[in-house]
Structures are given as C-alpha cells and as structure tokens.
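Fair warning: this is a prediction, and the values are worked out from it, not measured in the lab. By convention in this document, chain letters (A, B, ...) are assigned in the order of the sequence lines, proteins followed by strands, and residues within each chain are numbered from 1.
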Protein chains: 2
Amino acid sequence: MKHLEPYINRLKNFGYKVTHQRLVVLDYLQHSKEHPSAETIYNDLKERYPTISLATIYNTLEMLTRVGLVLDLGAPEERRRFDGNTSDHSHFFCTNCGKIEDIVVPGVEKVMNKVKQDTSRHIDRCRLDFFGRCAVCESENNNHSDKQRPD
Amino acid sequence: MKHLEPYINRLKNFGYKVTHQRLVVLDYLQHSKEHPSAETIYNDLKERYPTISLATIYNTLEMLTRVGLVLDLGAPEERRRFDGNTSDHSHFFCTNCGKIEDIVVPGVEKVMNKVKQDTSRHIDRCRLDFFGRCAVCESENNNHSDKQRPD
DNA sequence: CTTTGTGCAAATACTTTGCACGTAG
DNA sequence: CTACGTGCAAAGTATTTGCACAAAG
C-alpha cells in the first residue's frame with residue numbers, strides 16, 4: 001500500500017493514529033469506482049478482514065471526511081455514499097437505479113473560483129451534481145413510469 | 001392562498017388530491033427562507049394546526065419532491081432540509097452553524113446546459129453547492145482552520 | 001360513493017455510542 | 001506505557017408504515 005503514504009501523512013498531521021482498519025478503508029475507497037455506502041464497504045471488507053466492524057467503518061469514514069480524504073456525496077438516498085477521490089470532479093446520480101457516476105465538467109472551476117472571490121463567506125469546497133437517468137436506464141426504457149419526472 | 005394556484009394545478013395534473021395539509025406545507029415553504037427540515041416545518045405548523053402530524057409532513061414533502069415542487073437539498077447534516085424555491089439558484093452550507101443560504105452564481109446555467117448536451121445521460125436537474133463558513137461564523141471566530149481537532 | 005390522505009403509534013433502518021480489550025506511537 | 005482505536009452490542013434518532021377514520025373528487 002505504498003500509494004497511501006500521502007494519506008498516512010495526512011492522518012499523522014491531524015494527530016490521528018494510523019491503524020490497519022483506516023488504511024484498509026482508504027485503500028478500498030482508492031480502488032472503488034462505486035461511490036459505496038458504509039455498509040457496502042463493510043460487506044466487501046469483512047470477507048478479507050472478518051473481524052472488522054461496521055461501527056469502525058462509520059467512525060473511520062467520519063474521520064476521513066473531517067480531514068478531507070473522503071467526500072460524503074450527499075446522495076438523494078437512504079444511505080450515505082462516499083468517494084475516495086477528492087480531486088475536482090462532478091457526480092451524476094441516476095434517480096432510477098441509484099448509480100453514481102463521475103462526470104467531467106469543463107469550465108466549472110472558473111465559475112466556482114469567481115464565486116469564491118465574490119462572496120463574503122469563506123468557501124472550502126464546492127460540489128456540482130446532476131440528476132437524471134443513466135445511459136443504461138434510459139436505453140432499457142424501463143417504464144418505472146411512476147411520477148418520476150417533474151415537467 | 002391565491003398564489004398557490006399553479007402548485008394546485010401541478011398536484012391535480014399528477015393525480016394527487018389537494019388537501020389542506022399539502023397546501024399548508026406548500027405555503028409554509030413558499031414563505032420560508034430557512035430551508036427547513038421536516039421537523040422544523042412540523043413544529044412551526046402545529047402551532048396553527050395542532051392536529052397535523054409529522055408523518056404527514058414527511059409524506060407531503062416526499063410527494064412534493066417527486067412532482068418537483070420542492071427540493072431536497074442534500075445537506076451534510078442529520079436531518080434532511082428542503083427548499084420550496086425550485087427556480088435556478090445555488091446554496092451555501094455553513095459547516096459551522098448549519099445555516100443554508102441561497103447564493104447567486106452567474107454563468108452556471110451555460111456550463112450546466114453544455115453538460116446536458118454533451119452527456120449520454122438524460123439529465124433532469126442540477127445542483128451547485130458551496131460549503132464553508134458563513135459571514136457570521138467567519139467574523140465571530142477568525143480562526144479559519146476549519147477542521148476541528150480530534151476529540 | 002370510491003379512492004386517497006391523515007393521524008397516531010409502532011416499526012424500520014441508518015448511524016452513533018459505551019465499554020473493555022487491543023494496539024500504535 | 002498510555003492514549004487512542006476497535007469490536008460488539010445496545011441505544012439513538014430520522015423517517016416510514018399499517019391501520020382506521022376523514023376528506024376530496
């Protein structure tokens with residue numbers, strides 16, 4: 001887990017101990033593209049680390065979010081979803097199947113930086129999200145024709 | 001509650017009945033700038049409508065969100081927060097006091113529309129959010145090393 | 001008159017916490 | 001060695017649901 005060194009340093013700088021469980025969660029998030037929930041992380045990890053606990057996953061995610069190594073995506077679902085990729089990127093939420101995809105939005109940074117200057121507030125972070133139906137759901141034409149779409 | 005007519009029509013178009021409770025919640029949200037939680041709405045409304053129930057508030061908010069008359073803001077807090085203003089605008093979340101403010105971001109629509117065209121997905125809605133410390137919190141405590149120290 | 005919504009309370013589900021043991025520093 | 005982290009189970013807490021009555025269309 002050499003690639004985790006910068007993260008380890010971040011933990012140390014914030015005064016947190018570097019534990020096996022924390023590294024495992026970090027490593028998991030670095031390799032996941034699924035924007036998993038705490039429970040998903042737990043279910044996947046407990047196969048290799050059977051004694052890990054869900055409470056530790058939650059504690060770890062909360063801590064990692066606090067130090068900025070993980071993002072809480074604010075998904076419109078029951079469970080919270082997390083992202084280990086903290087670089088500038090946007091998200092697309094499929095309101096049909098719940099999938100979350102990374103999405104590249106050129107030109108956003110410029111707009112965001114303008115806001116950071118113009119506002120009286122101190123802005124730490126921005127997020128830009130899109131909601132709709134993913135390519136799969138759109139092509140499957142799965143009429144979940146509930147009252148899904150406004151307008 | 002004359003101003004609610006377009007909303008009433010929306011309910012009817014979706015086949016929902018127009019009830020006193022639904023109008024009251026809609027009216028409340030139209031007049032609120034606080035981006036309230038379900039419980040806040042409940043607490044405020046039960047003074048004037050003592051028999052209204054929290055479950056109804058939740059059911060109503062869920063339905064109004066589904067038909068696009070209310071936004072679920074995806075706030076980084078325990079409770080969900082809602083907005084009755086569905087026109088294009090962004091939000092600022094104070095990570096210190098929890099306040100949510102409307103914020104005007106010029107030029108965003110252009111970027112968002114570009115994404116709507118470029119992507120293979122079907123996009124219904126976008127959101128642009130900012131996180132940081134509001135003017136009040138910022139002035140009260142000039143220390144902007146926002147990350148709280150571990151326990 | 002039929003269907004949908006409401007209020008209440010109980011249930012559910014996600015997340016957090018208390019405590020004793022284990023482990024990093 | 002000492003403080004902090006972990007695992008477990010138990011507790012919270014926001015939100016949803018079942019049901020009988022009420023109200024809308």
*Asks:* Given atom CG of B:Leu54 and atom C1' of D:dT13, what is their separation to the nearest angstrom?
*Replies:* 12 Å

*Asks:* Should A:Arg22 be listed as having a side-chain N or O under 4.0 Å from OP1 or OP2 of D:dG5?
*Replies:* yes

*Asks:* To the nearest angstrom, how far is A:Met63 atom CE from C:dT16 atom P?
*Replies:* 14 Å

*Asks:* Rounded to whole Å, how long is the line connecting atom OH of A:Tyr16 with atom P of D:dA3?
*Replies:* 18 Å

*Asks:* Backbone N or O of A:Tyr28 within a donor-acceptor pair of the A:Ser32 side chain at under 3.5 Å?
*Replies:* no

*Asks:* Think B:Gln21 has a side-chain N or O under 4.0 angstrom from the OP1 or OP2 of D:dA23?
*Replies:* no

*Asks:* A:Ile41 has an atom CD1; how far is it from atom C1' of C:dC14, in whole Å?
*Replies:* 14 Å

*Asks:* Considering heavy-atom distances to DNA chain D, does B:Lys12 or B:Glu39 have its closest nucleotide positioned more toward the 5' end?
*Replies:* B:Glu39

*Asks:* Would you check if B:Arg127 and B:Leu73 make a side-chain contact, meaning some heavy-atom pair closer than 4.5 Å?
*Replies:*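 Not in contact.
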
*Asks:* Of the listed nucleotides (D:dA9, C:dC14, C:dG25), which one gets closest to any side-chain atom of A:Val18?
*Replies:*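 The nucleotide sitting nearest to the side chain is C:dG25.
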
*Asks:* Would you mind reading off the distance between B:Ile8 atom CD1 and D:dA24 atom C1', rounded to a whole angstrom?
*Replies:* 13 Å

*Asks:* Report the relative orientation of the aromatic rings in A:Phe131 and A:Phe93; use parallel for angles under 30°, tilted for 30 to 60°, perpendicular for over 60°.
*Replies:*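 Rings of A:Phe131 and A:Phe93: parallel, under 30°.
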
*Asks:* From C-beta outward on A:Thr19, which listed nucleotide comes closest to its side chain: C:dG5, D:dG7, D:dG5?
*Replies:*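 My answer, after comparing the listed nucleotides, is D:dG5.
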
*Asks:* When Ile, Leu, Val, Met, Phe, Trp and Tyr are grouped by side-chain heavy atoms lying under 4.5 Å apart, directly or through other members, which residues fall in the same group as A:Val115?
*Replies:* A:Phe92, A:Ile103, A:Val105, A:Val108, A:Val111, A:Met112, A:Ile123, A:Leu128, A:Phe130, B:Phe92, B:Ile103, B:Val105, B:Val108, B:Val111, B:Met112, B:Val115, B:Ile123, B:Leu128, B:Phe130

*Asks:* When you match B:Lys17 and B:Thr56 each to their closest nucleotide on DNA chain C, which lands nearer the 5' end?
*Replies:* B:Lys17

*Asks:* Mark yes or no for whether B:Thr119, through its side chain, and B:Lys116, through its backbone, hold a donor-acceptor pair below 3.5 Å.
*Replies:* no

*Asks:* Quickly work out the A:Asn59 CG to C:dC19 C1' distance and round it to whole Å.
*Replies:*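 A:Asn59 atom CG is separated from C:dC19 atom C1' by 14 Å.
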
*Asks:* Mind calculating the distance between CG (A:Leu45) and P (D:dT6) to the nearest angstrom?
*Replies:* 13 Å

*Asks:* Are OP1 or OP2 of C:dT16 and a side-chain N or O of A:Arg80 less than 4.0 angstrom apart?
*Replies:* yes

*Asks:* Check the distance between C:dG5's C1' and B:Ile57's CD1 and give it to me in whole angstrom.
*Replies:* 13 Å

*Asks:* Can you find a side chain N or O atom of B:Tyr58 that sits less than 4.0 Å from OP1 or OP2 on D:dT15?
*Replies:*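 The answer is yes; a side-chain N or O of B:Tyr58 sits under 4.0 Å from OP1 or OP2.
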
